[in-house]
Amino acid sequence: MAGLRIGCQSAFSAVPLTAPFEFALANGFDSFEWFPDKRPDGAGWLASDLDLPFRQALRARARDAGMRLSVHAPVWADPLVPRTHPDLESSLRLAVDLGASLLNIHLTDPARAPDFASAVLPLAQRCSISGVKLAIENTPAASPEDFNRLFALLPRGSAGMCLDIGHANLHSTTHNDYIGFLDRLAPEARILHVHLHENHGDRDSHLVLFTGPSARSDEGPRALVRRLIQRGFEGSLILEQWPSPPTLLTTARDRLASLIAEEEAR
């Protein structure tokens, strides 16, 4: 698993917005994801809130720390909705300015996989030109077969998948079985990026890894790591929380790193 990183993510609840990034730097995380996620109540931030000098400063600090960056486009940014295309473009510009290696978007309407494949190609081409990988994330509404169909329609290498295990755990056909979701993915659904959070199959609660079902048994995370190794995964594993206390993230990171080391030694 050469090149694999464990990271965390910005959060609408964090004040200031850079608090998770500062925490990640201070605690030796080697990956970080910036997620513009402005809420209707005003919490959170937009890509436009970070001017170019600030972006350049963040890029330099991440580079000096050996930290890999990624950008998660706003949840409303959708290749199928033309009025949101400026948000996709601003997310790609943010990724380029930060020196991020990857841009993540959601598969918003699994039933429209052919339309989505056509609509996302221009963005995929601009990402390729910019040296940024494009990852498409499963939402709770998406099945493994939806992603198999999508990647059968996309040109090979134009994009990859962001596997969100919490969302996979909620899909009706893989309820409480995100490993089953992963096992049903075709090789063409190449996993570039992983989002880590837990739930009990009831809602998208974004529990910190090892505080939900895996608090009792690490069987799920261990099986995930084993399968990612088998697939040759070399991306980032992003803990999608800003918990209280934040040290829950370092605890999860350390346990996950131990699992990775154990599975690599098998």
Side-chain angles (χ1 to χ4, degrees), residues 1 4-9 11-13 31 33 35 37 70 72-73 75 102 104-111 113 116 135-151 160-231 233 235-243 248-249 251-253 255-260 263:
M1 280 176 108
L4 181 143
R5 311 289 186 99
I6 302 173
C8 53
Q9 191 183 72
F12 73 91
S13 58
S31 189
E33 185 158 283
F35 184 7
D37 58 352
S70 56
H72 190 317
V75 294
L102 182 141
N104 184 65
I105 65 173
H106 283 171
L107 174 59
T108 50
D109 189 347
F116 188 92
I136 304 170
E137 177 183 343
N138 58 299
T139 63
S143 71
E145 289 69 33
D146 291 325
F147 271 80
N148 294 342
R149 184 166 58 253
L150 173 65
F151 283 100
M161 181 178 180
C162 171
L163 173 64
D164 186 303
I165 65 169
H167 293 168
N169 207 56
L170 293 172
H171 191 265
S172 59
T173 67
T174 55
H175 188 241
N176 285 325
D177 185 17
Y178 63 82
I179 298 301
F181 187 105
L182 173 53
D183 286 344
R184 283 161 52 184
L185 289 172
E188 290 74 19
R190 187 166 61 98
I191 300 172
L192 301 179
H193 201 59
V194 175
H195 282 167
L196 297 176
H197 55 99
E198 293 196 283
N199 58 67
H200 294 281
D202 51 348
R203 61 189 180 91
D204 194 17
S205 47
H206 277 254
L207 302 174
V208 181
L209 200 64
F210 305 113
T211 68
S214 65
R216 298 184 300 274
S217 168
D218 66 10
E219 179 182 352
R222 185 178 294 278
L224 172 68
V225 167
R226 185 176 303 136
R227 283 158 172 78
L228 290 175
I229 291 173
Q230 292 168 349
R231 283 176 170 255
F233 177 74
S236 293
L237 298 154
I238 300 295
L239 298 160
E240 280 202 301
Q241 303 88 16
W242 181 236
L248 288 169
L249 295 174
T251 300
R253 186 267 315 274
R255 288 192 64 182
L256 183 60
S258 293
L259 283 184
I260 292 169
E263 290 301 316

S.K.: Hey, does the side chain of E240 reach the backbone of A11 with a donor-acceptor pair shorter than 3.5 angstrom?
M.R.: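 No.
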S.K.: How long is the span from the CG atom in L248 to the CZ atom in F210, to the nearest 0.5 Å?
M.R.: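 Going from CG on L248 over to CZ on F210, the span is 12.5 Å.
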S.K.: Provide the closest heavy-atom pair for R149 versus A113 in the form atom of the first, atom of the second, distance.
M.R.: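 Nearest heavy atoms, R149 then A113: NE-CB, 4.0 Å.
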S.K.: For H171 and T173, indicate whether the former's side chain and the latter's backbone hold a donor-acceptor pair under 3.5 Å.
M.R.: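 Checking the backbone N and O of T173 against the side chain of H171, a donor-acceptor pair under 3.5 Å is found.
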S.K.: Measuring from atom CG of L207 to atom CG of L196, what distance do you get when rounded to the nearest 0.5 angstrom?
M.R.: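 CG of L196 is found 13.0 Å from CG of L207.
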S.K.: Side chains of Q241 and C8: closer than 4.5 Å at any heavy-atom pair?
M.R.: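 No, their side chains stay 4.5 Å or more apart.
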S.K.: Show the numbers, then the answer: is there a side chain to side chain contact (heavy atoms under 4.5 Å, CB included) between L224 and F233?
M.R.: CA-CA 11 Å; L224 172 68; F233 177 74; over 6 Å; no
S.K.: Classify the side-chain pair S143/D146 by whether it contains a donor and acceptor separated by less than 3.5 Å.
M.R.: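 There is such a pair (donor and acceptor under 3.5 Å, judged by atom type) between the side chains of S143 and D146.
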S.K.: Which pair of non-hydrogen atoms, one from G166 and one from N199, has the smallest distance, and what is that distance?
M.R.: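 Heavy-atom minimum between the residues: O-ND2, 2.9 Å.
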S.K.: Please tell me whether E198 and S214 have a donor and an acceptor in their side chains that are separated by less than 3.5 angstrom.
M.R.: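 On atom types as modelled, these side chains qualify, holding a pair under 3.5 Å.
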S.K.: Rounded to the nearest 0.5 Å, what separation is found between the CE atom of M161 and the CZ atom of F151?
M.R.: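 Reported to 0.5 Å precision, the distance equals 7.0 Å.
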S.K.: Which atom pair, heavy atoms only, marks the closest approach of F35 to A73?
M.R.: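 Nearest pair, atom of F35 first, then A73: CE1-O, 3.5 Å.
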S.K.: Any donor and acceptor pair, going by atom type alone, linking the side chain of H175 with main-chain N or O of G201 inside 3.5 Å?
M.R.: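 Present.
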S.K.: Checking L163 against N138 for the side chain to side chain contact (heavy atoms under 4.5 Å, CB included) test, could you report, in this order, the C-alpha distance in whole Å, the side-chain angles of both residues, the deciding distance, and whether it holds?
M.R.: CA-CA 6 Å; L163 173 64; N138 58 299; 4.1 Å; yes
S.K.: Is there a donor-acceptor pair under 3.5 Å between the side chain of D37 and the backbone N or O of F12?
M.R.: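 It does hold such a pair.
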S.K.: Not counting sequence neighbours, which residues clear ring pair (Phe, Tyr, Trp, His ring centres under 6.0 Å) with H197? List them please.
M.R.: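 Checked H197 against ring pair (Phe, Tyr, Trp, His ring centres under 6.0 Å); matches are H167, H206.
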S.K.: Quick check: closest heavy atoms across I165 and Y178, and the distance to 0.1 Å?
M.R.: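 That would be O-CB, 3.4 Å.
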S.K.: Between atom CG of L182 and atom CD of Q230, what is the distance when rounded to the nearest 0.5 Å?
M.R.: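 Here the rounded value is 9.0 Å.
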S.K.: At their closest point, which heavy atom of F147 faces which heavy atom of L185, and how far apart are they?
M.R.: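 Closest pair (atom of F147, atom of L185, distance): CB-CD2, 4.1 Å.
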S.K.: Give a yes or no answer on whether the side chain of Q9 reaches the backbone of L239 with a donor-acceptor pair at less than 3.5 Å.
M.R.: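 A pair under 3.5 Å: no.
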S.K.: Could you tell me whether R190 atom CZ has more than 12 heavy atoms of other residues or ligands within 6.0 Å of it?
M.R.: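 It does not: R190 CZ has 12 such atoms or fewer within range.
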S.K.: CG/D164 to CD1/I238 distance, rounded to the nearest 0.5 angstrom?
M.R.: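 Separation between the atoms: 11.5 Å.
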S.K.: Quick one: side chain to side chain contact (heavy atoms under 4.5 Å, CB included) partners of A223, sequence neighbours excluded?
M.R.: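 Per chain and number, A223 pairs via side chain to side chain contact (heavy atoms under 4.5 Å, CB included) with I179, R227.
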S.K.: Within the 4.5 Å heavy-atom criterion, are T251 and V208 side-chain neighbours or not?
M.R.: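 Side chain of T251 against side chain of V208, heavy atoms only: no contact under 4.5 Å found.
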S.K.: Quick one: list whatever passes ring pair (Phe, Tyr, Trp, His ring centres under 6.0 Å) with H193, sequence neighbours left out.
M.R.: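 Residues passing ring pair (Phe, Tyr, Trp, His ring centres under 6.0 Å) with H193: H195.
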S.K.: Of all heavy-atom pairs between A189 and N148, which one has the smallest distance, and what is that distance?
M.R.: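 Looking at all heavy atoms of both residues, the shortest contact is CB-OD1, 4.2 Å.
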S.K.: Roughly how far apart are E137 CD and L192 CG, rounded to 0.5 Å?
M.R.: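 Spacing of CD (E137) from CG (L192) equals 12.5 Å.
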